[in-house]
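Below is one structure, written out as structure tokens, with a few remarks after it.
Bear in mind that the values here come from a model prediction, so they are computed numbers and not experimental data. Below, read A as the first sequence line, B as the second, and so on, with proteins coming before strands; counting in each chain starts at 1.
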There are 2 protein chains.
Amino acid sequence: MARVGLSAERLTLAGAELADEVGFEQVTLSALARQFDVKVASLYSHLKSSHELKTRIALLALEELADRVSEAVAGRAGRDALAAFADAYRDYARRHPGRYDAARFRLDRETAAASAGVRHAQMTRALLRAYDLDEPDETHAVRMLGSVFHGFVSLEAAGGFSHTPVDAQASWEWTLDSLDAVLRARGTGTAAP
Amino acid sequence: MARVGLSAERLTLAGAELADEVGFEQVTLSALARQFDVKVASLYSHLKSSHELKTRIALLALEELADRVSEAVAGRAGRDALAAFADAYRDYARRHPGRYDAARFRLDRETAAASAGVRHAQMTRALLRAYDLDEPDETHAVRMLGSVFHGFVSLEAAGGFSHTPVDAQASWEWTLDSLDAVLRARGTGTAAP
DNA sequence: CTGCGTTTGCTAATACCTTTAGGCAATTGC
DNA sequence: GCAATTGCCTAAAGGTATTAGCAAACGCAG
């Protein structure tokens with residue numbers, strides 16, 4: 001019974017990689033056990049359940065994503081920052097589809113509150129500062145940006161844009177331009193009717 | 001061995017209802033068999049697989065959603081139509097969360113091409129006609145609208161908006177106003193820089 | 001270095017869910 | 001009314017999750 005040297009961390013990382021390869025849904029304790037050439041039951045020494053594994057992968061992904069975004073946004077403001085934020089987000093989703101899915105895994109309230117999810121919200125608010133929105137408009141804008149980024153990226157991942165010849169990149173840029181325009185209009189008080 | 005009178009249609013409908021109650025992920029052939037008081041293997045006379053059941057539920061949801069949207073939009077144009085479209089979409093997702101999830105089930109290319117998904121695209125384009133966008137802008141706009149609607153609705157369903165006191169409805173209206181404004185700006189050629 | 005407690009992986013067992021194969025009865029069509 | 005089809009059943013195999021109890025490996029104290 002040579003010990004393999006498992007740990008929650010190693011399992012989480014392996015799970016994240018597996019997710020990127022075969023999809024978050026297919027990440028299973030059995031698959032992980034196979035990879036480490038270990039019996040499934042052995043994993044329960046490190047993880048309480050399959051749910052805990054998924055939660056940990058989700059938390060990892062949220063951290064990674066927040067790190068990427070944070071780095072991308074550093075030193076930028078306004079439209080530049082918006083594009084950097086959005087691109088970092090989209091890049092991560094494209095490079096790590098399984099992890100991205102994991103980041104959308106529904107966490108319970110407390111876990112979510114302790115996750116890097118809060119950094120995401122803070123960064124979005126920091127980004128919006130340049131547009132000078134009053135509350136509750138800033139909150140509305142946080143939600144709109146989140147919706148667009150997540151919506152676009154998830155539709156793109158689902159292949160929803162592959163039916164038309166128009167380049168997804170062009171649509172992405174057009175969308176970012178639109179968001180920038182609308183936020184500037186809102187910020188200066190020259191909001192649309 | 002009294003016959004129960006199953007059929008792919010009845011199973012699909014029951015599956016859709018089950019999805020709304022317990023979530024699309026939890027819709028299982030076993031659960032359905034239990035509901036109809038029938039052995040699981042019997043379902044294979046009507047469905048090739050669990051995957052087929054999910055696909056059928058997805059197609060049903062796409063049809064229903066397209067019907068709702070189509071009815072809501074009828075006779076409206078511009079901002080009115082935009083709001084009607086968006087509200088119908090959001091309402092459906094709130095009333096039928098399981099079905100809405102199902103509508104996002106990844107279909108293979110042919111199935112998707114034969115689904116009501118194409119009606120969705122057509123309706124979106126019809127909606128945009130009032131804004132008078134040239135190609136490829138119209139395509140960009142289709143994608144942006146799809147992203148916002150899906151993104152908002154799915155973040156809302158995931159409870160992503162419950163951490164802040166600001167009303168989701170207000171954010172929704174604010175977002176629709178923003179989209180209307182940006183589309184009008186794009187359409188008249190007075191696009192933002 | 002020896003011994004003891006803890007950790008870690010194992011076997012065994014239970015409980016679902018999916019899918020296939022093969023059988024018999026109810027229903028349908030002629 | 002009979003034959004063919006269809007619809008539901010039993011049986012069985014394979015995958016995943018989870019729990020309980022056991023034994024070897026490890027790590028630290030003395």
Revision key, fill the gap. Among C/dT8, D/dG7, C/dT18, the one nearest any side-chain atom of A/Ser45 is C/dT8
**Study point:** Distance, rounded to the nearest Å, where B/Lys54 contributes NZ and C/dC17 contributes C1'
**Key:** 10 Å
Check your understanding: So, is A/His46 close to the C/dG9 phosphate, meaning a side-chain N or O under 4.0 Å from OP1 or OP2?
Key -> yes
Review point. Quick one: A/Leu47 CG to D/dA17 P, roughly how many Å, whole number?
Key: 11 Å
Point to revise | Length of the line joining B/Lys48:NZ and C/dT18:P, which is rounded to integer Å | key: 16 Å
**Study point:** By ring-ring contact (aromatic ring centres under 6.0 Å, His included) - contacts of A/His51 (at least two apart)
**Key:** A/Phe105
Exercise for review: Return the set of residues passing ring-ring contact (aromatic ring centres under 6.0 Å, His included) with A/Phe85 (not counting sequence neighbours), or none when no residue passes.
Suggested key: A/Phe149
Study note, to complete from the structure: Sorted by chain and number, sequence neighbours left out, ring-ring contact (aromatic ring centres under 6.0 Å, His included) with A/His96 holds for A/Tyr92
Check your understanding: Which of residues 11-43 of chain B have a heavy atom under 4.0 Å from DNA chain C?
Key -> B/Thr28, B/Leu29, B/Ser30, B/Arg34, B/Val40, B/Ala41
Review point. Mind checking what makes side chain to side chain contact (heavy atoms under 4.5 Å, CB included) contact with A/His163, not counting sequence neighbours?
Key: B/Arg109
Review point. Near DNA chain D, under 4.0 Å by heavy atom, which residues of residues 99-108 of chain B?
Key: none
Review point. Is it true that the side chains of B/Ser178 and A/Arg186 contain a donor and an acceptor less than 3.5 Å apart?
Key: yes
Revision key, fill the gap. Residue set satisfying side chain to side chain contact (heavy atoms under 4.5 Å, CB included) with B/Arg129, at least two apart, ordered chain then number -> B/Ala126
Point to revise | Spacing between B/His51 atom NE2 and C/dT18 atom P, to the nearest angstrom | key: 13 Å
Review point. Considering residues at least two apart in sequence or located in another chain, which fulfil the side-chain hydrogen bond (donor to acceptor under 3.5 Å, both in side chains) criterion with A/His150?
Key: A/Tyr100, B/Ser154
Practice item. Ignoring hydrogens and angles, state whether a donor on the side chain of A/Asp108 or A/Thr111 is under 3.5 Å from an acceptor on the partner side chain. Key: yes
Exercise for review: Using the salt bridge (Lys or Arg N to Asp or Glu O under 4.0 Å) rule, collect all pairs that involve residues 157-174 of chain B, keeping only residues at least two apart or in two chains.
Suggested key: none
Practice item. Grab the CG-P distance between A/Leu6 and D/dC26 for me, whole Å please. Key: 13 Å
Practice item. Spell out yes or no: do the side chain of B/Arg3 and the base of D/dT6 have one donor N/O and one acceptor N/O closer than 3.5 Å? Key: yes
